[in-house]
2 protein chains.
Amino acid sequence: MTDQPLRIGVALFPGFQALDVFGPLDCLNALSKLHPLTLTLLSSTLDPISTAHPAYPTAISQSILPTSTYKTAPPLDVLFVPGGQGARDSTPEILEVLDFIATVYPSLKYLITVCTGSGLAARAGVLDGKRATTNKRAWKDTTAVRDAVIWVPRARWVVDGRIWTSSGVSAGIDVTLAWMKEVLGEEVANEISERLEYTRQTDSSVDAFAELYGLV
Amino acid sequence: MTDQPLRIGVALFPGFQALDVFGPLDCLNALSKLHPLTLTLLSSTLDPISTAHPAYPTAISQSILPTSTYKTAPPLDVLFVPGGQGARDSTPEILEVLDFIATVYPSLKYLITVCTGSGLAARAGVLDGKRATTNKRAWKDTTAVRDAVIWVPRARWVVDGRIWTSSGVSAGIDVTLAWMKEVLGEEVANEISERLEYTRQTDSSVDAFAELYGLV
């Protein structure tokens, strides 16, 4: 594994949460200076894709450039699925994300979700019968999308087979570093967290936000 | 202060560090659901601006859309200056950033730097005689750019008057939340960190990376 380029994809959609994407991505940016990676930023079209969402018309936003449409996606080893306000939608763009997750999942080595991105994986059906977590503030709405998932309330992240799901927003950094430890070793995970000057959570069961939001 | 829209700008340049920008920005994205903000993403041109840098030709990268050129920048209350490999350059784009910082600084309420962004502020001359910190892994090179700065090795962030400088990469989240506490109060800073499920560092003097990189 360690000598081969890892082919990473990120599933983007209107109203994605910026840090859900760029927390993991900057870990991967740093990793790519040490280890060969390819990155595909997926969206319905090649137009800039924005964090803006109609639910918050006055909020500020940012737009990033996708590098591939879902229809033209190259083979991937790892798919990251972020959350955000848009992850709750059932727009054509989100239905395309759900379809992509369901279609590509069998060929992935790893599926990693951040925040309410696990709601998208759940709706795509790939979490049925599996343990998973999600954003703690959006717990009720997100877990309601799929009863067949074994939702774990107190967890910074949860691993079940090839699927890694994480808690809200900044937890995406911790799950990415934990996944790097699993795939590339402790030394690499430490090196990346040190380069980001990030004190990572290494215990997946430590989750102050499950209590804060009254889930345990 | 709390009732007025805060006019935020972010200084972008080729080879910026993604999390230096999107850590603070996602705090601001969340804040903008509670408090009126405007955001200007500044660059030399309106073309997409990339994290890519010639020093790492095989590294992965992302591109985001600026919303204004430096020449057409609107009035700003707060300017964020990220770091990254590009911050070490003396290209025309970086010289324009330095000129912009020096020109706009007198009219800013706050200047906030992340990582080696303090090297840009230092080169622009606005840190002369002031206490400041920077990325700990890039300490030697970054502090060497300007002797007239009082560089503080052990600090997650440093406040000197209107200027807030922070340590490497993820420290941008902590300095942004600390600045929110100062400007909008503890309750708002807590609310934003809870929405991001981020356990923030509230003590600016706690800095494990100063020791890790042998600076203290």
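Per chain, numbering begins at 1; letters A, B, ... match sequence-line order.
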**OP:** For each of A/Thr67, A/Leu39, A/Ile173, A/Asp20, tally heavy-atom pairs with chain B at distances under 4.5 Å, and name the one with the top tally.
**Re:** A/Leu39
Subject >> Per-residue contact mode, B/Asn135 against chain A (heavy atom under 4.5 angstrom) >> reply: both
Original post:
Any idea which of B/Thr58, B/Leu37, B/Leu25 has the most non-hydrogen atom pairs under 4.5 angstrom with chain A?
Top reply: B/Leu25
Original post:
Can you tell me how far the OG1 atom of A/Thr38 sits from the CD1 atom of B/Ile60, to the nearest 0.5 Å?
Top reply: 8.5 Å
Original post:
Measuring heavy-atom distances to chain B, does A/Glu194 have an atom under 4.5 Å in its side chain, in its backbone, in both, or in neither?
Top reply: both
Subject >> Under 4.5 Å from any heavy atom of chain B - which part of A/Leu28 >> reply: both
Original post:
If contact means a heavy atom pair closer than 4.5 Å, which residues of residues 204-216 of chain B contact chain A?
Top reply: B/Phe209, B/Leu212, B/Tyr213
Original post:
Just wondering, more than 12 heavy atoms not from B/Arg7 lying within 6.0 Å of its CZ?
Top reply: yes
Original post:
With only heavy atoms counted, which part of B/Arg195 is less than 4.5 Å from chain A, the side chain, the backbone, both or neither?
Top reply: both
Subject >> Polar side chain donor-acceptor pair, A/Gln17 to B/Asn29, under 3.5 angstrom >> reply: no
**OP:** With side-chain contact (heavy atoms from CB on, under 4.5 Å) as the test, would you mind laying out the steps for A/Leu19 and B/Leu19 before giving the verdict?
**Re:** CA-CA 8 Å; A/Leu19 193 55; B/Leu19 192 55; 3.4 Å; yes
**OP:** Tell me, for B/Leu41 versus chain A, whether the close heavy atoms (under 4.5 Å) come from the side chain, the backbone, both or neither.
**Re:** side chain
**OP:** Keeping the roles fixed (side chain from A/Glu197, backbone from B/Ala171), state whether a donor-acceptor pair exists under 3.5 Å.
**Re:** no
**OP:** State, to 0.1 Å, how close B/Leu196 and A/Val169 come at their nearest heavy-atom pair, and which atoms those are.
**Re:** O-CB, 3.4 Å
**OP:** Mind ranking A/Ala30, A/Ser32, A/Ala55, A/Ser61 by heavy-atom pairs under 4.5 Å with chain B and telling me who comes out on top?
**Re:** A/Ser32
Original post:
So with a 6.0 Å cut-off around CZ of B/Arg131, is the heavy-atom count from everything else above 12?
Top reply: no
Subject >> Residue among A/Pro48, A/Ala59, A/Cys115 with most heavy-atom pairs under 4.5 Å to chain B >> reply: A/Ala59
Subject >> Toward chain B, the part of A/Tyr56 with a non-hydrogen atom under 4.5 Å >> reply: side chain
